[in-house]
Number of protein chains: 2
Amino acid sequence: MRRGYSGRVTDPAPRIPGPERRALTIASATDVFAARGYVGASTDMIARAAGISQSYVVRMFGGKEALFVEVIRRSLDRILEAFTAALDDAPPQPLTALGAAYVSLAQKEQVHLILLQAFAASGDPAVGPAARAGFEELLHFLLHTAHLSADDAEAFLARGMLINTLMAIGLPQGATGDAADLVERVFGPAAG
Amino acid sequence: MRRGYSGRVTDPAPRIPGPERRALTIASATDVFAARGYVGASTDMIARAAGISQSYVVRMFGGKEALFVEVIRRSLDRILEAFTAALDDAPPQPLTALGAAYVSLAQKEQVHLILLQAFAASGDPAVGPAARAGFEELLHFLLHTAHLSADDAEAFLARGMLINTLMAIGLPQGATGDAADLVERVFGPAAG
DNA sequence: GTCTATAGGGCGATAGAC
DNA sequence: GTCTATCGCCCTATAGAC
């Protein structure tokens, strides 16, 4: 008990429309999972970030596992949206346009880190299938929607995984020497 | 208590020379960390895999964090050894030789998974610096020992990160369609 | 829809014996 | 060197009130 009487003093959580609260919680979860990984993130950290109770997080999504799968799903959707928009804008050089789109996602989203954490947590019985399906969905898009050659698709994915890694180890912040050169090559002169 | 008297029945752990036991424990830890990740692996799982007690694992290395850093170090050494050998064998096409060496490491070692797990756990104050230093050491080797161009080094690292990812999601086992084609392109016709 | 309380289990690390 | 025992913490999920 926190108070001497039973009256309501603070709002128990501002009444936010259901779907919006859900989206907000997924966004908070994305930040926490990106920073701490699937196992390292706790439902309590996510709850605090979202301003709700730990048990409510579990109730709303059915468990931590299901929540992470939703986070993966949303990150993948963000990527595919950005890719689709990039293809619409610059049809002649799809490879360049997609690469630029993936890099610029890093400025506002945590999608790279979520992908890496999903791959790292593939040993989990629910995360593994989601991670694998996500990867295959991306591959399918590159081959059959962006119409990349097998060569280009492979090189694009490889470069994407390098970007994920560089983001994870924080190389874009404070690298010097050879590492700084690599960061500039991958992220462009604006990075750092 | 497991027995009615205090006599010794089973060896409490076969007397193995110190350094050898240490190496054996690092090998067991490598398997467990590769499969479960840094946070997901417990010192007790590692202890069981090594046939010793949980507390002894902690004592021997000073803690789970220090043990993982040693595992990362050993994996990196394995990679650099393999790369050095590959360069000695085939000086004319270093890029091809190094690529083949990295792929064939997958048959006996867990180095790819350990690298990925180290990158994923970079938020940890001891793991992060080790992961970053390992990556930079690899980059330095490619540029200044293998004498790759900046372009080649970037493409090689990117391909390496793709290999790590494919291993993590288990794509080489049981892929079909586009995914199987990608696996064959990356790992060669012998994979699956 | 949302909370508090708590059950129930696992974890890393330490103490201390041999 | 190596073990057993155990402490204190944190974690997910559930129960139950409002």
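Throughout, protein chains are lettered first and strands after them, A, B, ... in sequence-line order, and every chain is numbered starting at 1.
- Between A/Leu67 atom CG and D/dT12 atom P there is a gap of 11 Å when expressed in whole angstrom units.
- In this structure, B/Gln54 places its CD atom 15 Å from P of D/dC7, rounding to the nearest Å.
- Residue-environment remark: CZ (A/Arg48) stays at or below the threshold of 12 foreign heavy atoms within 6.0 Å.
- Rounded to an integer number of Å, the gap from CG of B/Asp124 to C1' of C/dG12 is 13 Å.
- Remark: A/Ala41, A/Ser42 in residues 28-42 of chain A come within less than 4.0 Å of DNA chain D through at least one heavy atom.
- Note: B/Phe141 and B/Phe83 have tilted aromatic rings, judged against thresholds of 30 and 60 degrees for the angle between ring planes.
- Judged by the 6.0 Å distance and 45° axis criteria, B/Lys64 is positioned over the aromatic ring of B/Tyr38.
- The shortest non-hydrogen separation linking A/Ser122 to B/Ala168 is CB-O, 3.4 Å.
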Report task. Kindly indicate, with the supporting measurements, whether the criterion side chain to side chain contact (heavy atoms under 4.5 Å, CB included) is fulfilled by A/Leu105 and A/His112. Result -> CA-CA 8 Å; A/Leu105 271 172; A/His112 311 83; 4.0 Å; yes
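- The B/Val58 side chain lies nearest to C/dT14 when the options are C/dC3, D/dA13, C/dT14.
- As a whole-Å value, the separation of A/Met60 CE from D/dT14 P is 16 Å.
- Distance CG (A/Asp44) to C1' (C/dT6): 14 Å, rounded to an integer number of Å.
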Query raised in the report: What do the steps show when you test A/Arg185 against A/Asp181 for salt bridge (Lys or Arg N to Asp or Glu O under 4.0 Å), and what is the final call?
Result: CA-CA 6 Å; A/Arg185 294 177 60 88; A/Asp181 292 348; over 6 Å; no
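- Using a 4.0 Å heavy-atom distance criterion, A/Ser53 is classed as a base contact.
- Under a cut-off of 6.0 angstrom, the local environment of CZ in B/Arg132 is crowded, with over 12 non-hydrogen atoms contributed by other residues, nucleotides or ligands.
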Query - Stepwise side chain to side chain contact (heavy atoms under 4.5 Å, CB included) check, B/Leu80 with B/Leu138 - result: CA-CA 8 Å; B/Leu80 292 175; B/Leu138 234 24; 3.8 Å; yes
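- To the nearest angstrom, P of C/dA13 lies 8 Å from NZ of B/Lys64.
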Look for any protein N or O under 3.5 Å of an N or O in nucleotides 15-17 of chain C and output each such pair with its distance, or none.
from, atom 1, to, atom 2, distance (Å)
C/dA15, N7, B/Arg59, NH2, 3.4
C/dG16, O6, B/Arg59, NH2, 2.9

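- Atom CZ of B/Phe33 sits about 10.5 Å away from atom CE of B/Met45, to the nearest 0.5 Å.
- In this structure, CZ of B/Phe68 is placed 17 Å from P of C/dC11, rounded to the nearest angstrom.
- One can place CD of B/Glu20 at 15 Å from C1' of D/dG1, the figure rounded to the nearest angstrom.
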